[in-house]
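Values reported hereafter were calculated over all heavy atoms of this structure, with side chains retained and with hydrogens, waters and symmetry mates removed. All values derive from a computational prediction rather than experimental measurement.
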Amino acid sequence: MSEPQKTALFLAGGGARAAYQVGVLEAILSLLSEYGWPDRQNPFEIVCGTLAGAINATVLACRADHFEESVTHLLRI
């Protein structure tokens, strides 16, 4: 019996990377929406990060029950 697979997101550190990560998260949200993915459902079961990426990971984790809202919040800040 095989273990169910989990999708993880790792956000690396580095000042400018944090901004790039938010753009990538926005693109992921857009693509998922096109394919009918529920905007509340987080596609990542595991989220972690270091340095600046940890700040983005924390926002995603704090709003884990609504992926679109967390990405929108990151875009605002």
Side-chain angles (χ1 to χ4, degrees):
M1 182 177 199
S2 65
E3 293 280 327
Q5 293 185 355
K6 294 186 179 190
T7 304
L9 175 67
F10 177 78
L11 302 170
R17 282 192 192 116
Y20 302 144
Q21 291 165 0
V22 176
V24 171
L25 288 166
E26 181 182 30
I28 290 170
L29 176 64
S30 177
L31 287 170
L32 290 174
S33 295
E34 283 181 33
Y35 288 99
W37 185 272
D39 36 332
R40 292 187 71 86
Q41 186 175 349
N42 192 328
F44 306 105
E45 296 166 303
I46 301 167
V47 179
C48 61
T50 60
L51 302 168
I55 295 169
N56 289 342
T58 301
V59 172
L60 290 173
C62 287
R63 301 170 189 273
D65 60 337
H66 201 297
F67 184 66
E68 180 183 30
E69 186 178 291
S70 64
V71 173
T72 302
H73 183 71
L74 282 169
L75 285 165
R76 281 190 303 230
I77 58 172

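No continuous path of hydrophobic side-chain contacts links Leu31 to Val24 [ILVMFWY only; heavy atoms under 4.5 Å]. No chain of hydrophobic side-chain contacts below 4.5 Å, direct or via other Ile, Leu, Val, Met, Phe, Trp or Tyr residues, connects Val47 to Ile55. By the rule that hydrophobic residues join a cluster once side-chain heavy atoms approach within less than 4.5 Å of another member, Leu51 and Leu11 end up as members of separate clusters.
Here the side chain of Arg63 pairs no donor or acceptor atom with the backbone of Val59 at under 3.5 angstrom. Checked by atom type and distance alone, the side chain of Thr72 pairs as donor or acceptor with a backbone atom of Glu68 at under 3.5 Å.
Enclosure of atom OH in Tyr20 is not indicated, since only 12 or fewer non-hydrogen atoms of other residues, nucleotides or ligands lie within 6.0 angstrom. Applying the 6.0 Å contact sphere to CD of Glu34 captures more than 12 heavy atoms from other residues, nucleotides or ligands.
To the nearest 0.5 Å, atoms CZ (Arg40) and CZ (Phe67) are separated by 13.5 Å. Note that CG of Leu25 and CG of Leu60 are 5.5 Å apart. Values are rounded to the nearest 0.5 Å.
Between Gln21 and the options Leu9, Leu74, Asn56, a side chain to side chain contact (heavy atoms under 4.5 Å, CB included) holds for only Asn56.
Between Ala57 and Cys48, the shortest heavy-atom contact is CB-C, 3.9 Å.
Between the side chains of His73 and Arg76, at least one donor-acceptor pair of N or O atoms lies under 3.5 Å.
Counting heavy atoms from C-beta outward, Leu32 and Asp39 have side chains that stay 4.5 Å or more apart. Counting heavy atoms from C-beta on, the side chains of Trp37 and Ile28 never come closer than 4.5 Å.
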*Might you work through the side-chain contact (heavy atoms from CB on, under 4.5 Å) test for Ile46 and Thr7, ending with a clear yes or no?*
CA-CA 6 Å; Ile46 301 167; Thr7 304; over 6 Å; no

